[in-house]
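When a residue number appears, it is its place in the shown sequence, counting from 1. Both backbone and side-chain heavy atoms feed into the values below; hydrogens, waters and symmetry mates do not. Just so we're clear, the structure is a prediction, and the values are computed from it rather than from any experiment.
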Amino acid sequence: MKEFVMIFRSEPRLEGQVSPQVLQEMMQAWQKWMGGIAAQGKLASNGNRLGTDGRSVKPGNVVTNGPYVEIKEMVGGFIIVRAESFDEAAEMAKGCPLIVASAGTVEIRDIVPMEN
């Protein structure tokens, strides 16, 4: 079984744009989806939600603030799952609340272990 990272991308939202009730419903949907993957023994890591602030380090040791509000899509978080193939991981991703709500995308990348 291989490990894959699911990277969650969506349009940036400012804090406070979502009501507490909608936020609660969103959290329940995520917990249900991730719980289903965990129940199959295929959740390798809960991952994390990423904050909206950050820094980028560029060649020449230039540090800039980011991500920027102007971006159309930002990485909001990730999880690591176990699957036999990209196809199996993609099937898991189809139930992601971002996909179900047509609110974003899930990028799936295989994790390649570093060799000694």
Calculate, to the nearest 0.5 Å, the distance between atoms [atom1] and [atom2] belonging to [X] and [Y] respectively.
X   : Y    : atom1 : atom2 : value
M92 : D87  : CE    : CG    : 11.5 Å
T64 : K58  : OG1   : NZ    : 4.0 Å
K42 : E88  : NZ    : CD    : 3.5 Å
E11 : L98  : CD    : CG    : 11.0 Å
F8  : I79  : CZ    : CD1   : 4.0 Å
F4  : I111 : CZ    : CD1   : 9.0 Å

Student check: side-chain heavy atoms of [X] and [Y] closer than 4.5 Å:
X    : Y   : answer
R55  : N65 : yes
W33  : I99 : no
E107 : M6  : no

Closest approach of [X] and [Y], non-hydrogen atoms and distance?
X    : Y    : result
I108 : A90  : CD1-CA, 3.5 Å
A83  : A89  : CB-N, 3.9 Å
L50  : F78  : CD2-CE2, 4.3 Å
V100 : G95  : CG2-O, 3.7 Å
V57  : V63  : CG2-CG2, 4.2 Å
I7   : R109 : CD1-CG, 4.2 Å

I'd like to know whether R82 forms a side chain to side chain contact (heavy atoms under 4.5 Å, CB included) with K2, so could you lay out the CA-CA distance, the side-chain angles of the two residues, the decisive distance to 0.1 Å, and finally the verdict. CA-CA 6 Å; R82 291 184 192 94; K2 296 174 63 176; over 6 Å; no
When you measure from the side chain of Q40 to the backbone of G36, do you find a donor-acceptor pair of N or O atoms at a distance under 3.5 Å? yes
Counting neighbours of CE on M27 that are heavy atoms of other residues, nucleotides or ligands and sit closer than 6.0 Å, is the number greater than 12? no
